[in-house]
Amino acid sequence: MTGIIWVAGGLAALSALGVVFSPQPLYSALSLVLSIGALAVIFLVLNAQFLFVVQLIVYAGAVMVLFVFIIALLSPDREERFRVDARFAIGVTFAVGVTVAMLLAARNGITFNGNGFRAQQIGQASDPYHGFAFDQSDNGLVNTAGNVQSVGGQLFTTFLLPFEITSMLLLVSAIGAVYLTRRRRDPNAPVRRERALAREPQLEEDRIEVEVR
Amino acid sequence: MTASANFPYLLALAAFLFSVGALGVLIRRNPIVVFMCIELMLNAVNIVFVSYGRFLNSEEGQVFAFMVIVVAAAEVVVGLALITQVFRVGRELDIDDLDELNE
């Protein structure tokens, strides 16, 4: 288990760097797919089988297909130069500082409240119905109730209201996307051809040719 | 070495992913890539939720991570619709030029 976590975590970190630093947007999208897949493997090791499947279907499936489709539709240019200014310095300092601080804290063990609730003791509690224990090294529990069952039980009992609000959110965002991308019929707006001509005057010849015909 | 000993390193991984995503939001110019970096940050938060839920023996971390995934999907849909509209108006995909929207 430990090896899987380290390999998947390293892969996720490297491909995250690929997302940020690759100039071609399509390569950024493919790196993000790799990162999401690696994080899904980490979910699997952490006994979150339901989230593993959801991550693969929703993120690596739907969201990334949407990203790649939009990139193919808009075909954005390569990004040759990044914004290297004060924001770059602040961002790099933030990233390096947070990562080094968390690694130092990890080496010393994370403590809560300062009185020795160390990370090494967290996994020791009893695990009454956490579902099928993919990793049995902690407590050796293999329960018959599955992870989907236990998470679904939480979703439909304790968190029923947030779950229903989530469905409302999805409906609103779908309607919003349709509203935003609909073609507006404004009589005063220049038609598409005039806009294209104003942008690229060499298209004039093509227009004449079309009208003669 | 049990898996729970990895817990602080998972937090460190999440911090790394979050800060790299924030760095990407700061330095990239393409709004599509900026959206991808936001997705990266949300994924880092999900790692924290799931690992806390795992090592505190509770499903609630997974429930919250599920909510985060749903919100991220909705956000991507609306954001990419906005990006296509901006592209249709201006033909330029540079996030620094978006301040002309308030004119």
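Naming: A, B, ... by sequence-line order, numbering from 1 per chain.
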>> For B:Phe66 and A:Phe50, take the angle between the two ring planes, folded into 0 to 90°, and tell me which bin it lands in: parallel under 30, tilted 30 to 60, perpendicular over 60.
In response: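 Tilted, since the angle between the ring planes falls between 30° and 60°.
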> If you look at every heavy atom in A:Ala16 and B:Val20, which pair is closest and at what distance?
Replying inline: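 Answer, listing the atom of A:Ala16 first, then B:Val20: O-CG1, 3.8 Å.
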Region of [X] that comes under 4.5 Å of a non-hydrogen atom in chain A:
X: B:Val34; answer: neither
X: B:Met36; answer: both
X: B:Ala22; answer: side chain
X: B:Ile27; answer: both
X: B:Val33; answer: side chain
X: B:Phe49; answer: neither

> Out of B:Asn43, B:Thr84, B:Leu26, B:Leu40, which one racks up the most heavy-atom pairs below 4.5 Å with chain A?
Replying inline: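 The candidate making the most pairs under 4.5 Å is B:Asn43.
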>> Under the criterion side chain to side chain contact (heavy atoms under 4.5 Å, CB included), I'd like the reasoning laid out for B:Phe87 against A:Ile70: C-alpha separation, chi angles, the key distance, then a yes or no.
In response: CA-CA 11 Å; B:Phe87 187 77; A:Ile70 292 296; over 6 Å; no
Just so I know, are the side chains of [X] and [Y] near enough to count as touching, which here means a heavy-atom distance under 4.5 Å?
X: A:Leu51; Y: B:Ile69; answer: yes
X: A:Tyr59; Y: B:Leu42; answer: yes
X: A:Phe163; Y: B:Val63; answer: no
X: B:Leu23; Y: A:Phe94; answer: no
X: B:Phe16; Y: A:Leu17; answer: yes
X: B:Leu13; Y: A:Ile42; answer: yes

> Can any side-chain N or O of B:Gln85 pair as donor or acceptor with the backbone N or O of A:Leu180 at less than 3.5 Å?
Replying inline: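 The answer is yes, because a donor-acceptor pair under 3.5 Å joins these two groups.
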> Would you say B:Arg28's side chain and A:Val20's backbone share a donor-acceptor pair under 3.5 angstrom?
Replying inline: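 Side chain of B:Arg28 to backbone of A:Val20: a pair is present.
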> Relative to chain B, which of A:Gly10, A:Ser31, A:Ala12, A:Ala29 shows the most heavy atom pairs under 4.5 Å?
Replying inline: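 Of the options given, most contacts go to A:Ala29.
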> Among A:Ala177, A:Gly91, A:Ser173, who wins on heavy-atom pairs under 4.5 Å with chain B?
Replying inline: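 That would be A:Ser173.
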>> Between A:Phe67 and chain B, with a heavy-atom cut-off of 4.5 Å, which part of the residue counts as in contact: side chain, backbone, both or neither?
In response: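 Both backbone and side chain.
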> What part of A:Val58 gets closer than 4.5 Å to chain B, counting heavy atoms only: side chain, backbone, both or neither?
Replying inline: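 Contact with chain B involves the side chain of A:Val58 alone.
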> Just checking, any donor-acceptor pair under 3.5 angstrom between side chains of A:Asn47 and B:Gln62?
Replying inline: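 There is no such pair (donor and acceptor under 3.5 Å, judged by atom type) between the side chains of A:Asn47 and B:Gln62.
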>> Using 0.5 Å steps for rounding, measure from the CD atom of B:Glu39 to the CG atom of A:Leu32.
In response: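 Output value for this atom pair is 7.0 Å.
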>> Could you walk me through whether A:Leu46 and B:Ile47 satisfy the side chain to side chain contact (heavy atoms under 4.5 Å, CB included) test, starting with their C-alpha distance in whole Å, then the side-chain angles of each, then the deciding distance to 0.1 Å, before giving a yes or no?
In response: CA-CA 10 Å; A:Leu46 289 175; B:Ile47 285 287; 5.5 Å; no
>> For a side chain to side chain contact (heavy atoms under 4.5 Å, CB included) check, start with the C-alpha distance between B:Leu17 and A:Leu39, then their side-chain angles and the critical distance, and finish with the verdict.
In response: CA-CA 11 Å; B:Leu17 289 181; A:Leu39 292 188; 3.9 Å; yes
>> If the condition is side chain to side chain contact (heavy atoms under 4.5 Å, CB included), which residues does A:Val178 pass it with, not counting sequence neighbours?
In response: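 None.
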> Is the number of heavy atoms from other residues, nucleotides or ligands under 6.0 Å of B:Phe64 CZ greater than 12?
Replying inline: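 Atom CZ in B:Phe64 is not crowded, with 12 or fewer foreign heavy atoms closer than 6.0 Å.
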> Would you find more than 12 non-hydrogen atoms of other residues, nucleotides or ligands less than 6.0 Å from A:Phe21 atom CZ?
Replying inline: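 Count over threshold, so yes.
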